[in-house]
Number of protein chains: 2
Amino acid sequence: MEVLAKCPLFKGIDNEGISQLLNEIPYQIKKYEKGHMIAQSGEECRSLMIMLKGSVKGEMMDYSGKAIKIEDIEPPKPLAIAFLFGENNSCPVNIVANNSVEILHLPKKSVIELMQMSSHVLKNIMNIISSKTQFLSDKIRFLSFQTIRGKIAHYLLQLTGPVNGEMILTKSQEELANMFGVTRPSLGRALRDLHNENIIEAKGKSVKIINRELLVKQLKK
Amino acid sequence: MEVLAKCPLFKGIDNEGISQLLNEIPYQIKKYEKGHMIAQSGEECRSLMIMLKGSVKGEMMDYSGKAIKIEDIEPPKPLAIAFLFGENNSCPVNIVANNSVEILHLPKKSVIELMQMSSHVLKNIMNIISSKTQFLSDKIRFLSFQTIRGKIAHYLLQLTGPVNGEMILTKSQEELANMFGVTRPSLGRALRDLHNENIIEAKGKSVKIINRELLVKQLKK
DNA sequence: TTGACGCTGTAACATATGTTACAAAATCAG
DNA sequence: CTGATTTTGTAACATATGTTACAGCGTCAA
């Protein structure tokens, strides 16, 4: 259970403290296989889940059933914490196992008890939910403003920081396109255009920023 | 201060209880004129704000400086509560006074004290932040999936519930277009198209759903 | 090696939306 | 009522993105 010490929920508490807390409340550990849908969009959230092993993805459905991936979640991060409470505590995304997964389930009631028992947990949960909100806000900015070129620019600049070196994309064009909410050919075309305009050098999964200044300008469109 | 009793932050606490809580902690009430920017995107959030009078809007800037409105907030709702905590507690939106506004400011420290003093406040804050997260999730769904026709359909269906009557839009096309993140002529064209296809009957601010079934189908595109 | 498979590159075409501009209609202040 | 101002209707055109289809290319397992 050492992974729990790294979980942001228990930040600032030592292993012994965590054990003491968990002794006082009920919890469950469940295992899921790759592809299993752990929570379904619209379902009520009844427990806080903490990733122990493996990785899951959160994805949203549009009305026609097409999914777009929102994010990957890996240990020791908590899941669905922001949807436990609230007027309508239903999960807004599908959560699907990317591979073999182990998850700790804490019933909502236990979570409330934890917050009352430990001011550390209280502050940590506040931090986690707030960060989540900010993540979503960023996502909104990302989705609402930008062209494909802008999204690529945003993504590459964020990835590299201030350095200009070559980088190898770890995601396929298909995955990137999903993240951006665009189609694969459109993404490919945009990459090619940027390449032809000598703003980046893209070949396969390798991408290099040639003209950082012009790339930044893409953000404005 | 009776408005505070209606504030979700103090739900379940009577007037006397609220007075007692507020006696123990420092707070400020500030007034702002129409158009005043109360908080600026990127600024650190230092205090929780509760609307007492008037209304404000939250808007986001894109990189080119164009703003889109995210939401209006009116008394007795709290403001920026979800951005007080978190790793990077900077405000993601501009908050601008729609008219003459009075706002109660509670410093972050006071908020933490409040949560420790009152389990009601604790639960209320959890609920508020969670609802906020869900609001943003919905916004993401709204922004990431839909065409203009889809957004119109979503908006109209949400507005009317299951009834088919005529309704008068309270927002101008300009405002709606901003909400949707599209341009005014494009919105107008989409409305006209839907009208010509006998799905809705739109004339000025009056809109009537003619063929609900076909309108629902627009969501799928 | 070879064939299957998945990823990438790309093209032709369809469509949705933005841009700009202006006229018609509605609203409002005096 | 009247003129000014805001809102709406609309058109022509530019652009971005989606759709569909297929060819090339690497990789991996048999």
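Everything numeric in this text was worked out from a predicted model, so none of it was measured. In what follows, chains carry the letters A, B, and so on, assigned in the order in which the sequence lines appear, proteins first and then strands, with residues in each chain numbered from 1. Worth knowing before you read on, the calculation uses all heavy atoms, side chains too, and leaves out hydrogens, waters and symmetry mates.
To the nearest angstrom, C1' of dT7(D) lies 16 Å from NZ of Lys171(B). Atom CG of Leu187(B) and atom C1' of dT7(D) are 13 Å apart (whole Å). The distance from atom CG of Leu194(A) to atom P of dT10(C) is 14 Å, rounded to the nearest whole Å. One atom, CZ of Phe180(A), and another, P of dA16(D), lie 17 Å apart when rounded to the nearest Å. Protein atom CZ of Arg149(B) is 16 Å distant from nucleotide atom C1' of dG18(D), rounded to whole Å. A straight line from CG of Leu176(A) to C1' of dT17(D) spans 17 Å, rounded to a whole angstrom. Look at CD1 on Ile168(B): it is 13 Å from P on dA26(C), rounded to the nearest Å. Across the protein-nucleic acid pair, Glu174(A) atom CD and dT19(D) atom C1' stand 14 Å apart, rounded to whole Å.
Under the 4.5 Å side-chain criterion, counting only non-hydrogen atoms from C-beta, Leu106(A) is in contact with Leu22(A). For the pair Met37(B)/Ile95(B), no side-chain contact is recorded, criterion being any heavy-atom separation below 4.5 Å from C-beta on.
Counting only N and O atoms by type, the side chains of Thr133(A) and Ser130(A) include no donor and acceptor under 3.5 Å apart.
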Determine whether Lys30(A) and Ile38(A) satisfy the following criterion, side chain to side chain contact (heavy atoms under 4.5 Å, CB included), listing intermediate values before the conclusion.
CA-CA 10 Å; Lys30(A) 290 188 187 169; Ile38(A) 296 159; over 6 Å; no
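The environment of Lys11(B) atom NZ is sparse: at most 12 non-hydrogen atoms of other residues, nucleotides or ligands sit within 6.0 angstrom.
Residue-level contact check: Arg192(A) touches the backbone only, with heavy atoms under 4.0 Å from sugar-phosphate atoms and none from bases.
Out of dA11(D), dT8(C), dT17(D), the shortest distance to the side chain of Pro185(B) is found at dA11(D). The side chain of Ile148(B) lies closest to dG18(C) when the candidates are dG18(C), dC7(C), dT17(D). Closest approach to the Lys205(B) side chain among dT8(D), dG9(C), dG18(C) is made by dT8(D) (side chain taken as heavy atoms from C-beta onward).
In terms of position on DNA chain C, the residue among Ala190(B) and Arg184(B) whose nearest nucleotide sits closer to the 5' end is Ala190(B). If Gly188(B) and Arg189(A) are placed on DNA chain D by their nearest nucleotide, the residue sitting closer to the 5' end is Gly188(B).
For the pair Gln173(B) and dG9(D), the criterion of a side-chain N or O lying under 4.0 Å from OP1 or OP2 is met. In terms of phosphate contacts, Ser186(A) brings a side-chain nitrogen or oxygen within less than 4.0 Å of OP1 or OP2 of dG18(D).
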